[in-house]
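Since the model is a prediction, treat every value here as computed from it, not as a measurement.
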Amino acid sequence: MPETDSSARKQAAKALQAEGFALAEAGDREGALTKYMAALALDMNRADTLYNVGLYYKYKGAWAESFRYNKRSLEVEPGDEAANWNLAIAATALRDWATARAVWARLGVKLASGDGPIQDDFGMAVVRLDPDGEAETVWVRRICPVRARIESIPYPDSGHAWRDVVLHDGAQMGTRRDSEGREKPVFNALELFEPSTFSTYVAGVEVDGPVDIEALEKLAGENLPQGISY
């Protein structure tokens, strides 16, 4: 292919990438994907376009496709932090622990030694369970950079339960103060990773005063399964 033709194709791909990005910013993800794929048809070595396609598939929960495009993006531009994070998220969703661990190591994230599922303690955080809808927030304990176990009780309509493990995004969406005034990160949930064995029930209880509430809380605490606290 003559050099002028190659340059023209790359310029056209660049323009399509810009059009796709503008559509994505406007909320038209499907239109953006069409532009991105047209750009890649002209230039398969555009790391930013490969990343954006991987990002599209991340938000669709199409993990194999997200994995593939982020991996290809990193082959073109190995040091891209965002593509590394999204590859690790996709690998985690696919239970590809070897890849997830390798990417976290590349990013400098310290993990306990092992080769299976990551079960570390990354501290408490807040997760928005339905970021595009009601955005109910719950307290969680992070067991890896992008997985967390729910520690508060969600509303039944959320589709989640106490002790569910959720997959969450890597981008921090603000902070929330805990009971001791310490700021903790807020993340958007991507999907339910592992359901717990618990169900959620709602009851209306009429009491005469604070003493009755304390008694109810005491009963609830005494009847939790062994080894569980709240």
Determine whether Leu190 and Ile89 satisfy the following criterion, side chain to side chain contact (heavy atoms under 4.5 Å, CB included), listing intermediate values before the conclusion. CA-CA 10 Å; Leu190 293 170; Ile89 292 171; 3.7 Å; yes
Please test Glu214 against Lys218 for salt bridge (charged side-chain N to carboxylate O under 4.0 Å, His left out), starting from the C-alpha separation and ending with a verdict. CA-CA 6 Å; Glu214 291 173 6; Lys218 184 173 184 293; over 6 Å; no
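Between the side chains of Asn52 and Arg29, no donor-acceptor pair of N or O atoms lies under 3.5 Å.
Side-chain atoms of Arg149 and Val165, non-hydrogen and from C-beta on, do get closer than 4.5 Å to each other. Residues Leu74 and Arg106 are in side-chain contact: their nearest non-hydrogen atoms beyond the backbone lie under 4.5 Å apart.
A donor-acceptor pair under 3.5 Å is absent between the side-chain atoms of Thr200 and the main chain of Pro156, judged by distance alone. In this structure, the side chain of Arg101 engages the main chain of Gly116 through a donor-acceptor pair within 3.5 Å. Checked by atom type and distance alone, the side chain of Asn86 never pairs as donor or acceptor with a backbone atom of Ala83 at under 3.5 Å. Between the side chain of Asp164 and the backbone N or O of Ser196 there is at least one donor-acceptor pair closer than 3.5 Å. Not a single donor-acceptor pair under 3.5 Å links the side chain of Glu19 to the backbone N or O of Lys35. A donor-acceptor pair under 3.5 Å is formed between the side chain of Thr92 and the backbone N or O of Ala88. Looking only at distances, no side-chain donor or acceptor of Thr175 sits under 3.5 Å from a matching main-chain atom of Lys184. Not one N or O on the side chain of Thr137 forms a donor-acceptor pair closer than 3.5 Å with the backbone of Val126. Not a single donor-acceptor pair under 3.5 Å links the side chain of Asp28 to the backbone N or O of Ala22. In this structure, the side chain of Trp63 does not engage the main chain of Lys58 through any donor-acceptor pair within 3.5 Å.
Of the inter-residue distances, the one linking Asn70 atom CG with Arg68 atom CZ reads 11.5 Å to the nearest 0.5 angstrom. With rounding to the nearest 0.5 angstrom, the CZ atom of Arg142 is 11.0 Å from the CG atom of Asp120. Taking CD1 from Ile213 and CG from Asp208, the interatomic distance works out to 10.5 Å, rounded to the nearest 0.5 Å. Summarising the geometry, atom OG belonging to Ser73 is positioned 9.5 Å from atom CG belonging to Leu87; distances are rounded to the nearest 0.5 Å. With values rounded to the nearest 0.5 angstrom, Leu50 atom CG is found 12.5 Å from Leu55 atom CG. For the atom pair CE of Met173 and CZ of Phe187, the computed distance is 10.5 Å after rounding to the nearest 0.5 Å.
Residues Pro78 and Asn84 approach most closely at O-ND2, 3.3 Å, considering heavy atoms. Scanning both residues, Trp139 and Ser152, for their nearest heavy atoms gives N-OG, 2.9 Å. What you find for Val109 and Pro145 is that their closest heavy atoms are CG1-CG, 3.8 Å. The heavy-atom pair separating Arg9 from Ala41 by the smallest distance is NH2-O, 3.3 Å. Taking each heavy atom of His160 and Ile150 in turn, the nearest pair found is CB-CD1, 4.1 Å. When all heavy atoms are compared, the tightest approach of Arg46 to Lys10 is NH1-O, 4.5 Å.
Counting non-hydrogen atoms of neighbouring residues, nucleotides and ligands closer than 6.0 angstrom, the CD atom of Glu191 exceeds 12 such neighbours. For Asp121, the CG atom sits in a packed shell: over 12 heavy atoms of surrounding residues, nucleotides or ligands are nearer than 6.0 Å. Environment of CD in Glu75: crowded, with over 12 heavy atoms of neighbouring residues, nucleotides or ligands closer than 6.0 Å.
At least one cation-pi condition fails for Arg147 and Phe122: the charged atom is not both under 6.0 angstrom from the six-membered ring centre and inside a 45 degree cone around its axis.
Ring planes of Tyr69 and Tyr57: parallel class, angle under 30° (limits at 30 and 60°).
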